[in-house]
Number of protein chains: 2
Amino acid sequence: MTQARAETRIQRKNKELILEAALEVFSTYGFRGSTLDQIAAQAGLSKPNLLYYFPSKEAVHKELLDGLLDTWLDPLRAIDPEGDPTQEILGYMQRKLEMSRAYPRESRLFANEILQGAPRILDALKGELKDLVDAKSQVIKSWADRGLIADVHPQHLLFSIWSLTQHYADFEVQVEAVLGDEGPFDHAQEFLDHLYTRLLKR
Amino acid sequence: MTQARAETRIQRKNKELILEAALEVFSTYGFRGSTLDQIAAQAGLSKPNLLYYFPSKEAVHKELLDGLLDTWLDPLRAIDPEGDPTQEILGYMQRKLEMSRAYPRESRLFANEILQGAPRILDALKGELKDLVDAKSQVIKSWADRGLIADVHPQHLLFSIWSLTQHYADFEVQVEAVLGDEGPFDHAQEFLDHLYTRLLKR
DNA sequence: GTCTATAAATAGATAGAC
DNA sequence: GTCTATCTATTTATAGAC
């Protein structure tokens, strides 16, 4: 029993090690551009050992993506129809920006997948994602109809938040190249606060 | 002489064929995720024949990227310091949006390269791109200083234009998944016009 | 200029010893 | 659970006939 638990702990630790390494590699090179050699080396394991924990390259990638979409949508789910409209939308944007800052690799993993046509995640985009966006768009529309915020296209408002916040993670090297020493996120929040405050004001 | 010209015409046509196919493939899978087999098949040529026109996979990719950055920066160069500030910035945004609509593959090729750390284009980002951005940022700052537009962070204003317009090309499958039948660009322009009009108003 | 054949290296995955 | 060795397929690139 103690034996079994100890093994399980090693298993978890190694699976964790592999997923962390895979995130690093897949987020940089995408699925097809990444190799098990790279991931194994990054994890400090041999390739066959990696394949002892996961049945295939595909399985490693799938496990990363599966966990991701849910986490990625949490900030959107948190929008409260009963809250102050402007503050709810600003808060959503800020949570998304914070995620880009804290989890740039996850953002890039997602971006790589979408860019490549989302072959492994398209169903979730058309299902889970679309349903949630539709629901929250209704909320935003009702706010606009009641005159609580300016009249904006709800879906495009959400697209704008995704694109603006994720840009700082996905295009980080470009932002850094342009800004020089200044950190990429340094003035992002005040710029975006300003932008959305203006956009939403009646 | 006639003979020589004919061959040159074939050469140009085939090089063009290859670059067109390579754009299709590289823009979808990135450099490492793409294979010469795919590109040759897409171009309707054999792989050795492709390698008769280009010395290596790297060379094909480089030729695509080299032409791209210049074209990509043209809309930004066109910003006129003597023009009407709001119209100049709105016009820039519109030209960028139009490029995303007309050349989504070029946008994705660029996005793939940046996402993967820009290994083949980083120097140009730190040189050519940064210089141009610095120059145009000065123009925008002077407009703000003179009270002709609202006081915005010039570089982040430009980032926002890049991210918002390119999003419709780079994340096209996601936008389509969410919008359903509606085309991804259908309400994009009016949304962005509205957004920047509000942001820049004094 | 284009093809078939093939070299040389790499990649995903498995076998089997320990 | 981890390793070495290896299989099979793929990939970049070259050789050489036509």
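We use all heavy atoms of the structure for the numbers below, so side chains are in, but hydrogens, waters and symmetry mates are not. Order of the sequence lines sets the chain letters (A, B, ...), proteins ahead of strands, with each chain counted from 1.
For B/K130, the side chain to side chain contact (heavy atoms under 4.5 Å, CB included) partners at least two apart in sequence or on another chain are B/D134. Applying the side chain to side chain contact (heavy atoms under 4.5 Å, CB included) rule to A/K62 yields the partners A/D66; only residues at least two apart in sequence or on another chain are considered. With sequence neighbours excluded, the residues satisfying side chain to side chain contact (heavy atoms under 4.5 Å, CB included) with B/E106 are B/L23, B/L68, B/W72, B/Y103. Residues forming a side chain to side chain contact (heavy atoms under 4.5 Å, CB included) with A/D84 (at least two apart in sequence, or on another chain): A/T86, A/Q87. Qualifying side-chain hydrogen bond (donor to acceptor under 3.5 Å, both in side chains) partners for B/K57, counting only residues two or more places apart in sequence or in other chains: none.
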Show the numbers, then the answer: is there a ring-ring contact (aromatic ring centres under 6.0 Å, His included) between B/H167 and B/F171?
CA-CA 5 Å; B/H167 185 82; B/F171 287 70; 4.8 Å; yes
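The side chain to side chain donor-acceptor pair (under 3.5 Å) analysis of residues 152-165 of chain B, with sequence neighbours excluded, yields the pairs A/S163-B/S163, A/Y168-B/H156, B/Y92-B/W162, B/S160-B/Y196. Within the structure, salt bridge (Lys or Arg N to Asp or Glu O under 4.0 Å) pairs that include any residue of residues 165-188 of chain B comprise B/R108-B/E172 (at least two apart or interchain).
With rounding to whole Å, B/I10 atom CD1 is found 11 Å from C/dT2 atom C1'.
Of the residues in residues 28-50 of chain A, those with a non-hydrogen atom less than 4.0 angstrom from any atom of DNA chain D are A/S46, A/P48, A/N49. For the segment residues 51-62 of chain A, residues with any heavy atom less than 4.0 angstrom from an atom of DNA chain D are, sorted by number, A/Y52, A/Y53.
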